[in-house]
Amino acid sequence: SGSNTAGTTSEKHNTSGEKDQVLKIGYQKNGPLVILKSLGTLEKRLKTEGFKVEWKEFTAGPALLEALNVGSIDFGRTGDSPPIFAQAAGAPFVYVAAGKTKFKGSAVLVPQNSQIKTLKDLKGKKIGFAKGSSSHYLIVKALEKAGISYDQIEPHFLQPGDGRVAFEKGNIDAWVVWDPFTADTELNSKARVLVNGKGLSTDRDFFLANNDFAKKHRDIIDIVLEEIRESSEWANSHHKELAATLSPLLKIDEKSLLLSAERREYGIDPLTDDIIKEQQEIADTYVKLKIIPKKITVKDVVDKGRGSE
Amino acid sequence: MEPKNGDTQITLRNVSKIYNNRTVLDGINLTIKSGEFIAIVGKSGCGKSTLLRLLAGLETCDEGSILINGTPLKGINNDARIMFQDGRLLPWKKVIDNVRMGLKGSSQQDSYQALENVDLRDRAHEWPGKLSGGQKQRVALARALVHKPGVLLLDEPLGALDALTRLDMQKLIEHIWKENRYTSVLVTHDVEEAVAIADRVILIENGRIAFNKEINLPRPRQRTHPVFAEYVEEILNRILYQKSDKDMHLIVTKKKKRVF
Amino acid sequence: MEPKNGDTQITLRNVSKIYNNRTVLDGINLTIKSGEFIAIVGKSGCGKSTLLRLLAGLETCDEGSILINGTPLKGINNDARIMFQDGRLLPWKKVIDNVRMGLKGSSQQDSYQALENVDLRDRAHEWPGKLSGGQKQRVALARALVHKPGVLLLDEPLGALDALTRLDMQKLIEHIWKENRYTSVLVTHDVEEAVAIADRVILIENGRIAFNKEINLPRPRQRTHPVFAEYVEEILNRILYQKSDKDMHLIVTKKKKRVF
Amino acid sequence: MGNRSRNRPIDLLIPWAIPFLLLICWQLFASLGAIPERILPAPLDVFQAAIELSKTGELKDHISISLGRAVIGFLIGGSIGFVLGLFNGVSKISELLFDTSIQMLRTIPHLALIPLVILWFGIDETSKIFIVALGVLFPVYFNTYHGIKSVDKGLIEMGKAYGLKGFSLFWTIIFPGALSSILVGFRFSLGVMWMTLIVAETISAHSGIGYMAMNAREFMQMDVIVLAIVLYALFGKLSDIIARLIEGKWLQWNS
Amino acid sequence: MGNRSRNRPIDLLIPWAIPFLLLICWQLFASLGAIPERILPAPLDVFQAAIELSKTGELKDHISISLGRAVIGFLIGGSIGFVLGLFNGVSKISELLFDTSIQMLRTIPHLALIPLVILWFGIDETSKIFIVALGVLFPVYFNTYHGIKSVDKGLIEMGKAYGLKGFSLFWTIIFPGALSSILVGFRFSLGVMWMTLIVAETISAHSGIGYMAMNAREFMQMDVIVLAIVLYALFGKLSDIIARLIEGKWLQWNS
Ligand SMILES: Nc1ncnc2c1ncn2[C@@H]1O[C@H](COP(=O)(O)OP(=O)(O)OP(=O)(O)O)[C@@H](O)[C@H]1O
Ligand SMILES: Nc1ncnc2c1ncn2[C@@H]1O[C@H](COP(=O)(O)OP(=O)(O)OP(=O)(O)O)[C@@H](O)[C@H]1O
Ligand SMILES: [Mg+2]
Ligand SMILES: [Mg+2]
């Protein structure tokens, strides 16, 4: 796909001497990169390579990819769906690594005293989720498993914050969302997990890089991935500390964060064929649902050197 | 409230009006009998318009009070209609609608007749903005006259009119007043006009009533009548050569500073 | 461009002005000599203001042309200053700033002197909105006179003034004209005023010049002079009792319809 | 302004010169490859997208649903804004009581209000209409209020002196005097009406051009985004034409 | 309006009666448990949140960063809007050429523009300032244009007849005549300035009250959302006070 736009900033800096090079990383507040950011180890590592790190915060995956598309950032992480849309739109990026599965934290929630006991009861109900998010895929899979067609529910597209209000107000009968929102809702809002992602979706993160940057600075990306791996190890072994660091950032109580940390493993997986196949399945589902207009091949945008690792 | 005709007596008791330390009216005492026609003359800026605005209830007295048939006036004087010095036609209403404005249940005919009276029947359906200065003034006059108020207040209604039209309008005002006998106050700079129409001519000077002249002439008044000319001369002299020494002094010193 | 004084001759050649099918001026031919003082009289709505606006270049002739020293006038007449019938003071400028408006490099003193001349020196720093009708008119007059234009156009400059102030202002206008000798056109309803100031009095009737009277009186003119009274009477009679039979007829038929 | 110039056909065309020129340049640059299609699609591509969306009837649905929301929201918000502006313009007490509160509410972005709107009105049509109404309310309020405040005091005084009171005073003098300003508010709010729809249609919407735009943004369909922008622009012009027609009719005396 | 009434101390208090009453009711209902705290926190909780955010200096940072963006955007957008309004108000040709284009641009929601804005200006400060400037531009343009159009024709004529031309005509007559309307645009755009910030600060921001609000919305921190709303309201009032002071100074003749 199109690679005619340069990773503007970094390229500019390339020509003007090593010292000035900048790595722009897009992150979301509730992702693994925020851990790396708060540990501050990456900056130290890259300084020796003559790179400065600029962290750019995004509220949502699509917004992050928007920036990746025009070359405003070089590297970032999102959930599983945004890269599919971006590929459909022809954005110049590559997958460089996958995160660990986090299906335990993604769930279909219903109020504690709800009449909905099984997936089958979702028929005809109002279900809230963010359009084109991992939750969207999860609910499609869940309905598939229960033998309900997508037309038999009443979907309501809501971003997590709005969905929470609608859920608590009873405007929707069920809500599909991811951690730490799941944990927070479970613990604080009398919600019950109807089903989580187990057996339905692996719900991985993906690490993405600008096409040109990935080609030019293979070594830098290696360093970043390594740092992510290390920070993930720290996170996996320091749940309490992690919750304490994130709590003021996300303004979510430590209990919920602890719960979500405990049912999730941080880390990096190489882009194996299985993972790529999973991702392809998601893409095909979106084609079927007419969320993206044409079929795409995920393999095309996997960073070649890494895909076979 | 239907205005009552010809039975409104106005009494000003020690009325003063002060604008930012400038005493414009200074203890005016005056009784206007029911159905009387009064003309007010005086130098530019002496407080004639202010007096009319007080009578219409558009300003409040700073001292003293105005009694309408014995009751003190508070707020707008609903029984009065005032023709403003600056016309104040509504630019967004056609001429005829300006005349009709505020008329209750009155027939169309009345307002067309009023326009006819001021010779502007054929301009009824034009915008006021397209009229000449004198035409605007006549529309405002028609608007004031079409109401049948208890008190009619006219602030230089004929200032922008030529001699011929002016005579016609004077006759019109007198005629309508005779028919309805409302208490009327006319501010004018034309002493002849004052003598031709009014029962009494009042001169305001330094915020006070300096001169108060009853006109004892039969109506319709003939301008050629020798007594008419006498009245005019007397009043004009009083205005032009102010009797008070203090004023005389003031004027002389002021004039010294002028270039001519 | 510095206005040139006293050397502007104006020629109107067959000038017509039509507003929506209403012919207001109908083939006017007139020459105003350089430095001449002309007074224009006529019935309300006869086209006096329109004529002045044409001379100022604020309207364009529908037919004919206006020549200033032989060159046809196009657009605004930069050499002329007009005093509008409706004053047109800027409400957001203090009185003195209104007078000063448009003066280039002229000293403060000039505009204060102009205010002094119209007896309003002490109101220099007030808003125009706080002035009485006649005071506003005098400010507008001061503003027109403080410029030294080639052509001075005055549209009823004294309509809202009392007899005394009016005399003063007439003297002022004449005085300043004498000093600067600009070509002047004065629209007025007061025939005495016209005769007192003007070299020539012109009557407009039915869109044409119906009457054109040279006033051969020495200046300063004495109102008590018997010839003065003769002039006034002649012009007044011409206005009041229009000679043309056609007009006579019109007026009579119109009057029939009136209520009085 | 006014009718005279509008009759000259050239004057009807000139205003479109700039949009048209831009369009041509844009197409030219795109055809020459100076603007990568992925980032900013060429006008013809946008046109193509429009045709495709029209074929399926999708575009018509989006527009008609948005139009419904827009009009209802406009009517509600416009009426409230007008009435508030009127009361605060006419009555000192009302002004003292309410003006500060309204000035405070005005600054609150709709995006920040969404959680509260969902809380109060749920996720259905009501909340969408509420947001449009809220957006429309303020410009109408503001210009009505200001228009009434700046009506010539002399004319109001005259009206009172001629026995006009209450409604007749309002209808004869205050309203016509304020009308030109009120119509400015009306014109402005017609634009705001379309603008707020996009926020409104982020609340669990399945259709509407705001939804279309935000959906396209999420899926990075630049052609649809640009199409939405073009649609908004056309709606803007349309609203403006309507507003000007009304102005032309009501403000004849001023021409 | 005007100075007379502003001197009475009671008149300074009355406008706050309604916001204050609402506050008390809200606190009351919340204390009584009628409003679940998770959904709509009580005023005291919001106050608490404010205190906490102030302690860390976070709130001050958010506000000062937003203020910087707001002011720069306002200056740029306001100037452009003013100049455009001025030219289109004064010159027929300019009006014919540009007015339609501006009316069309006006309706385009900023949210829909974000992809293009990122394309043109990246994700840094420039793009945020651009959006604020764009938001401020239109009300200023609109009211300037309308104000100039509705200046008394008689006064302009008078000015021309007295030899005023070009700049001096503008400065002496057109500008003061349009000023009251221009100030309305100014007031309105001060509100819009804050409103658009929230959209601007959805573009990769780390700070600013718009960011604070949207971040809180994402994580459903209702107390912070409400705090942001209250801040917006206070800013709105503050802007209004500034605008009114300027109005009071410049429009003295009108009081
Ligand atoms: N803009 C206009 N549009 C249409 N008709 C107009 C316009 N201006 C003036 N008229 C008409 O032209 C005629 C002459 O008007 P003009 O103002 O010149 O009269 P005038 O002689 O100055 O009268 P007055 O003594 O009352 O001021 C009037 O009948 C008036 O209604
Ligand atoms: N609203 C006001 N504020 C301050 N001063 C005012 C106000 N209205 C009138 N004045 C002053 O009061 C005095 C009397 O004004 P008024 O209008 O009554 O005069 P007038 O006798 O009608 O004069 P004219 O014949 O010139 O119309 C004037 O000096 C005027 O400047
Ligand atoms: Mg007066
Ligand atoms: Mg005239």
Side-chain angles (χ1 to χ4, degrees), chain D residues 1 5 11 14-19 39-40 92 96-101 103-116 119 138-139 142-143 146 149-150 180-181 184 187-188 191 194-199 210 213-214 217 220 222 225-226 228-229 232-237 239-240, chain E residues 1 5 11 14-19 39-40 92 96-101 103-109 111-116 119 138-139 142-143 146 149-150 180-181 184 187-188 191 194-199 202 210 213-214 217 220 222 225-226 228-229 232-237 239-240:
Chain D
M1 293 205 33
S5 62
D11 287 356
I14 289 178
W16 296 93
I18 287 184
I39 292 191
L40 190 60
K92 267 238 155 46
L96 265 178
L97 271 175
F98 295 113
D99 188 53
T100 284
S101 306
Q103 298 303 345
M104 290 173 77
L105 288 181
R106 183 167 63 87
T107 324
I108 301 170
H110 306 134
L111 273 179
L113 272 181
I114 285 188
L116 293 181
L119 191 64
F138 297 113
F142 220 64
N143 282 285
H146 167 255
K149 281 270 161 191
S150 52
S180 125
S181 182
V184 169
R187 275 176 77 178
F188 200 83
W194 291 111
M195 274 191 96
T196 46
L197 259 184
I198 201 168
V199 175
M214 292 310 284
R217 188 182 157 202
M220 294 174 70
M222 290 306 280
I225 293 179
V226 175
I229 290 178
Y232 278 118
L234 291 179
F235 281 130
K237 184 60 196 170
S239 309
D240 199 56
Chain E
M1 292 207 35
S5 62
D11 287 355
I14 290 179
W16 296 93
I18 288 185
I39 293 193
L40 189 59
K92 266 237 153 51
L96 265 178
L97 271 176
F98 296 112
D99 188 54
T100 284
S101 306
Q103 298 303 345
M104 290 173 78
L105 288 181
R106 184 168 63 87
T107 324
I108 302 170
L111 272 179
L113 272 182
I114 285 188
L116 293 182
L119 190 64
F138 296 113
F142 220 64
N143 284 285
H146 168 254
K149 281 270 160 191
S150 52
S180 126
S181 182
V184 169
R187 276 176 76 179
F188 200 84
W194 291 110
M195 272 192 96
T196 45
L197 258 185
I198 201 169
V199 175
T202 56
M214 291 311 284
R217 185 181 155 205
M220 213 188 103
M222 291 305 277
I225 293 180
V226 175
I229 290 177
Y232 278 119
L234 291 178
F235 280 130
K237 184 61 196 171
S239 309
D240 200 55

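Throughout, protein chains are lettered first and strands after them, A, B, ... in sequence-line order, and every chain is numbered starting at 1.
Not counting sequence neighbours, the partners of D/S101 by the side-chain contact (heavy atoms from CB on, under 4.5 Å) test are E/I18, E/P19.
Residue D/I114 touches chain E through its side chain alone, counting heavy-atom pairs closer than 4.5 Å. The contact between D/A112 and chain E is made by backbone and side chain atoms together, counting heavy-atom distances below 4.5 Å. If you measure heavy-atom distances from E/I225 to chain D, the contacts under 4.5 Å come from the side chain alone. Only the side chain of E/L119 has a heavy atom closer than 4.5 Å to any heavy atom of chain D.
Contact annotation: the side chain of D/D240 never approaches that of E/T107 to less than 4.5 Å [non-hydrogen atoms, C-beta and beyond]. Looking at heavy atoms from C-beta onward, D/M195 lies out of side-chain contact with E/R106 at the 4.5 angstrom threshold. In this structure, the side chains of D/M222 and E/L116 come closer than 4.5 Å at one or more pairs of heavy atoms.
The side-chain contact (heavy atoms from CB on, under 4.5 Å) with E/Y232 is formed by just one residue from the set D/I108, D/L113, D/L105; it is D/I108.
The residue among E/L197, E/T196, E/N143, E/I198 with the most heavy atom pairs within less than 4.5 Å of chain D is E/I198. Of the listed residues (D/A17, D/P139, D/A213), the greatest number of heavy-atom pairs within a distance under 4.5 Å of chain E belongs to D/P139. Counting heavy-atom pairs closer than 4.5 Å to chain D, the top-ranked of the candidates E/A233, E/S239, E/G210 is E/A233. Annotation: maximal heavy-atom pairing with chain D below 4.5 Å, among E/F142, E/F138, E/W194, occurs at E/F142.
D/H146 contributes atom NE2, which lies 5.5 Å from atom OG of E/S181 (distance to the nearest 0.5 angstrom).
Taking each heavy atom of D/F188 and E/F188 in turn, the nearest pair found is CE2-CE2, 3.8 Å.
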